[in-house]
Amino acid sequence: MADAKNVVPTGSFYEAEIPDTLDLADRARLAVQGMLNILDPALMTMFGLAHFNTRAPLLRHWSADIPLDPKLAESLPLMRLMCGTTFKASLEQDYRAELVSRIDDGLYWDRYTPQRPWRNIYNDSIKFYGAGRSEDFASVWGVARMIRALTAWQGANGADTAELGASLVRGLRRIAVDRDDYSYYPHRGGWHDGFVYPRSGWIDTSEAERDREGPEGSVTCFQGHQIYAAAQHYVLTGDPVAKDLAARLSRYVMKAKFWGGTLALDPAKPGGFEIVPDAPFRHGAQLGHWPVHFHARAIALRGLLKYAMACGDDRTLEFVRAAYDFTMSQGIRRLGWINTHPPGIGCEGCALGDLIALAIRLTEAGAGDYWDDVDAIVRNQLAEQQITNGPALTAFCATQPEGPPQTEAATGFETTDDAVNRSVGVFFGITKPDAVTDPWVMHCCTGNASQGLYYAWEGALRESDGAAVVNLLLNRAGRTVDVDSHLPHAGRIDLRVKQACRVSVRIPHWVDLGAVQVRSRGALVPVERLGRYLTVRDRPAGDVVTFTFPLHERTETYVVNQGTPVEETYECVFRGSTAVSVRGGAGLKPNDFPLYRSRDSMRTSQVAMKKASCFVADRRFTEW
């Protein structure tokens with residue numbers, strides 16, 4: 001059985017004065033508070049949705065709450081590794097125990113209960129599957145996310161979860177539908193959101209003809225979670241069943257029928273568009289091109305990348321790289337804002353975590369250098385989509401309509417109890433470049449986006465015996481060095497050496513390498529250059545090495561959804577990688593909660609300092 005008791009990592013705290021700039025450990029602390037505050041202790045599951053476009057903001061349950069719970073359960077230990085917080089640790093212990101109790105017969109179940117009458121309907125699922133049954137079911141992607149949660153508990157806390165994870169891998173392999181050399185999970189197999197395995201067995205095992213099937217509109221999405229979990233389990237355990245499952249599902253997801261195609265606007269079609277074949281000379285199906293709903297595709301791409309790196313599949317790696325490069329052209333790359341939902345305009349919080357993960361892992365695989373993409377996403381869109389200012393959101397809600405009465409409150413379906421304050425630390429669902437229209441949250445985004453914080457934090461500083469590599473110029477406490485970042489106020493980072501070492505620092509693309517100066521105690525330090533990395537050797541404990549470089553403010557203009565009825569133009573002001581102003585689009589409406597409106601203080605050249613309680617965990621978890 002999994003050890004659900006040990007949720008707070010061991011490690012050391014110390015006080016330090018650091019620049020008051022973006023601190024991912026602080027953001028992780030907020031995320032822990034938000035994720036635990038939006039749990040419903042009566043049902044021991046999340047309130048999966050939050051709505052702030054009303055004078056009485058509310059938290060609401062969702063039919064996806066149960067399969068989404070493992071996302072939060074995976075994120076929480078990662079956030080605690082970053083900051084060491086003990087916030088509501090006993091509640092998280094109970095939450096873990098509840099999730100483990102849902103496992104039997106090799107699957108993670110959404111068990112029937114009259115307390116959750118909303119469990120059977122997701123989007124327009126009735127149109128596809130009918131009203132559902134009073135029967136247990138297992139969302140296959142929820143099973144996969146539970147495997148990932150168990151892996152995170154083991155990596156972050158040392159919990160003994162390997163046997164339980166192996167049982168879930170075998171459960172997924174048992175219910176997969178085999179065809180030739182590939183396997184899949186059918187979207188008509190049950191009800192709810194598709195890809196649901198009823199306790200009584202699959203209802204329909206027919207294979208999908210295209211990606212846009214089911215109420216979520218993606219077949220590959222609901223295979224990708226399982227590929228990722230199986231490949232991750234294989235890397236950590238060498239389990240041949242996991243490797244076989246990941247390989248067979250990957251062959252299915254790579255089929256040409258699921259990829260390529262271009263959006264064509266047509267008001268006569270459902271949604272006002274249709275997907276037409278690619279133009280001549282562009283074979284989108286072999287390049288991982290997607291026409292709509294990127295996050296659904298990102299799940300598949302992350303699974304494929306995990307499999308490719310675990311098993312040395314060069315063709316799959318090539319496919320994912322091409323898909324990633326295409327994706328980053330679909331928005332404002334330097335802002336970290338990608339239009340994940342064409343033909344509309346919106347960036348889904350889930351996709352931000354996916355993009356950070358893809359960028360880091362592709363870089364590690366040698367398929368490119370995407371650290372500047374990570375920097376852009378983290379400093380800008382990811383930071384802005386996290387709810388950090390409760391009073392500002394409360395003031396916004398006070399300007400909104402009253403909203404309908406709570407007709408279903410008595411069932412426990414929703415609550416207005418302190419909804420805004422309980423949501424501080426979670427992530428908005430879908431945003432335009434400068435605002436959130438009808439601000440709302442779906443906590444699938446909180447799970448994914450918070451993990452993006454961890455991926456960036458873990459990748460920002462990599463340490464081994466006698467060496468440290470700084471990939472992102474962000475505040476970061478480490479074992480070997482601490483990184484103090486003055487960006488975006490000034491082009492300066494200070495490396496506080498804690499153990500004698502060699503340090504390599506990656507310099508962003510917007511910096512002239514020839515203008516970088518490196519000093520210790522006022523004297524220039526010899527530097528070795530390799531690509532974008534500058535290395536200083538033989539730094540003793542107690543040394544402070546300062547890198548300085550010019551930092552300019554630049555204004556750039558970008559067009560989103562060019563040539564469509566919703567084409568919009570945005571003016572973005574950057575200081576280095578950080579957007580300090582974003583304006584434009586169709587202009588703010590009364591139901592738009594603005595983004596990038598509290599960044600004027602970032603335009604000063606002097607940085608404020610703050611007292612910080614820094615944490616360095618005893619354990620490291622890199623196999624995320």
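As a basis for the values below, the full set of heavy atoms in this structure was taken, side chains included, without hydrogen atoms, waters or symmetry mates.
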Enquirer: When you measure from the side chain of Arg506 to the backbone N and O of Trp371, does any donor-acceptor pair fall under 3.5 Å?
Expert: no
Enquirer: To the closest 0.5 Å, what do you measure between NE2 (His295) and CG (Leu301)?
Expert: 11.5 Å
Enquirer: Could you tell me whether the side chain of Leu22 reaches within less than 4.5 Å of the side chain of Leu24, counting heavy atoms only?
Expert: yes
Enquirer: Heavy-atom count check: over 12 atoms from other residues, nucleotides or ligands less than 6.0 Å from Asp181 CG?
Expert: yes
Enquirer: CZ of Arg297 to OG1 of Thr340: how many Å apart, nearest 0.5 Å?
Expert: 13.5 Å
Enquirer: Mind listing the closest non-hydrogen atom pair of His233 and Gly165 along with its distance?
Expert: CE1-C, 4.0 Å
Enquirer: Would a 4.5 Å heavy-atom cut-off, applied to side chains only, mark Arg282 and Thr262 as touching?
Expert: yes
Enquirer: Indicate yes or no: at least one non-hydrogen side-chain atom of Glu348 is less than 4.5 angstrom from one of Met442.
Expert: yes
Enquirer: Could you tell me whether the side chain of Thr622 reaches within less than 4.5 Å of the side chain of Arg462, counting heavy atoms only?
Expert: no
Enquirer: Please enumerate all residues that pass salt bridge (charged side-chain N to carboxylate O under 4.0 Å, His left out) together with Lys498, with sequence neighbours excluded.
Expert: Asp482
Enquirer: Are Leu530 and Thr535 side-chain neighbours, meaning at least one heavy-atom pair lies under 4.5 Å?
Expert: no
Enquirer: Please check if the side chain of Asn380 supplies one atom and the backbone of Ala579 the other of a donor-acceptor pair under 3.5 Å.
Expert: yes
Enquirer: Is Glu463 reaching over with its side chain to a backbone N or O of Thr480, donor-acceptor style, under 3.5 angstrom?
Expert: yes
Enquirer: Assign the ring pair Tyr182 / Tyr252 to parallel, tilted or perpendicular, where the plane angle (0 to 90°) is split at 30° and 60°.
Expert: parallel
Enquirer: Any donor-acceptor pair under 3.5 Å linking the side chain of Lys306 with the backbone of Trp624?
Expert: yes
Enquirer: Do Phe621 and Thr151 come within less than 4.5 Å of each other through their side chains, counting heavy atoms only?
Expert: yes
Enquirer: Between Lys255 and Glu207, does the salt bridge (charged side-chain N to carboxylate O under 4.0 Å, His left out) criterion hold? Intermediate values first, please.
Expert: CA-CA 12 Å; Lys255 286 183 174 293; Glu207 183 175 340; 5.1 Å; no
Enquirer: Nearest 0.5 Å please: distance from the CG atom of Asp23 over to the CH2 atom of Trp457.
Expert: 11.0 Å
Enquirer: Taking the ring of Tyr185 and the ring of Trp141, is the distance between their centroids below 6.0 Å?
Expert: no
Enquirer: State plainly whether the residues Glu384 and Arg379 are in salt-bridge range, i.e. N to O under 4.0 Å.
Expert: no
Enquirer: Considering only NZ, NE, NH1 and NH2 on the basic side and carboxylate oxygens on the acidic side, decide whether Lys257 and Glu209 come within less than 4.0 Å.
Expert: no
Enquirer: Looking only at side-chain N and O atoms, does Tyr455 offer a donor or acceptor that is under 3.5 Å from a partner on Gln451?
Expert: yes
Enquirer: Can you check side-chain hydrogen bond (donor to acceptor under 3.5 Å, both in side chains) on Ser485 and Asn475, steps first, answer last?
Expert: CA-CA 5 Å; Ser485 175; Asn475 287 336; 5.0 Å; no
Enquirer: Starting at CZ of Arg173, measure out to CG of Asp178 and round the result to the nearest 0.5 Å.
Expert: 4.0 Å
Enquirer: What residues, two or more places apart in sequence or in another chain, satisfy ring pair (Phe, Tyr, Trp, His ring centres under 6.0 Å) together with His293?
Expert: His341
Enquirer: Counting only N and O atoms by type, is there a donor-acceptor contact under 3.5 Å from the side chain of Asp244 to the main-chain atoms of Pro240?
Expert: no
Enquirer: Drop me the distance from Leu249's CG to Gln223's CD, to the nearest 0.5 angstrom.
Expert: 6.0 Å
Enquirer: If every non-hydrogen atom of Leu99 is compared with every non-hydrogen atom of Ala73, which pair is closest and at what distance?
Expert: CD2-CB, 3.5 Å
Enquirer: Can you say whether the rings of Phe195 and His187 are parallel (under 30°), tilted (30 to 60°) or perpendicular (over 60°)?
Expert: tilted
Enquirer: Drop me the distance from Leu287's CG to Glu318's CD, to the nearest 0.5 angstrom.
Expert: 8.5 Å
Enquirer: If you apply the rule side-chain hydrogen bond (donor to acceptor under 3.5 Å, both in side chains), what do you find for Ser504 with Glu528, and how did you get there?
Expert: CA-CA 9 Å; Ser504 299; Glu528 300 172 10; over 6 Å; no
Enquirer: Using atom types as modelled and distance alone, determine if a side-chain donor or acceptor of Asn339 lies under 3.5 Å from a backbone N or O of Gly344.
Expert: yes
Enquirer: Examine distances only and state if a side-chain atom of Thr548 and a backbone atom of Arg492 form a donor-acceptor pair shorter than 3.5 Å.
Expert: no
Enquirer: Is it true that Arg532 and Asp369 have a side-chain N and a carboxylate O under 4.0 angstrom from each other?
Expert: no
Enquirer: Write down the atom of Pro508, the atom of Asp372, and the distance for their closest heavy-atom approach.
Expert: CA-OD1, 3.5 Å
Enquirer: Is the shortest side-chain heavy-atom distance between Met146 and Ile103 below 4.5 Å?
Expert: yes
Enquirer: State whether a side-chain donor-acceptor pair under 3.5 Å links Arg148 with Gln232.
Expert: no
Enquirer: Hey, does the side chain of Glu74 reach the backbone of Leu150 with a donor-acceptor pair shorter than 3.5 angstrom?
Expert: no
Enquirer: Just do the ring-ring contact (aromatic ring centres under 6.0 Å, His included) check on Tyr570 and Trp337 with the steps written out, would you?
Expert: CA-CA 12 Å; Tyr570 289 89; Trp337 185 92; 7.2 Å; no
Enquirer: Can you spot which of Asp373, Val320, Thr327, Val374 makes a side chain to side chain contact (heavy atoms under 4.5 Å, CB included) with Leu358?
Expert: Val320
Enquirer: Measure centre to centre between the rings of Trp510 and Phe574, then say whether the value is under 6.0 Å.
Expert: no
Enquirer: For the rings on Tyr324 and Tyr370, is their centre-to-centre separation under 6.0 Å?
Expert: yes
Enquirer: With Trp259 as reference, evaluate Phe326, Phe319, Trp290 under the ring-ring contact (aromatic ring centres under 6.0 Å, His included) test and give the passing residue.
Expert: Phe319
Enquirer: Quick one: does Met35's side chain get under 4.5 Å of Thr446's, heavy atoms only?
Expert: yes
Enquirer: Return yes if some donor-acceptor pair links the side-chain N/O of Asp354 with the main-chain N/O of Ala298 below 3.5 Å, else return no.
Expert: no
Enquirer: Between Arg96 and Asn157, is the side-chain hydrogen bond (donor to acceptor under 3.5 Å, both in side chains) condition met? List the steps.
Expert: CA-CA 13 Å; Arg96 286 193 185 185; Asn157 306 121; 2.6 Å; yes
Enquirer: Between the main-chain N or O of Gly425 and the side-chain N or O of Arg29, is there a donor-acceptor pair closer than 3.5 Å?
Expert: no
Enquirer: Any carboxylate oxygen within less than 4.0 angstrom of a Lys/Arg side-chain nitrogen, looking at Glu458 and Arg476?
Expert: no
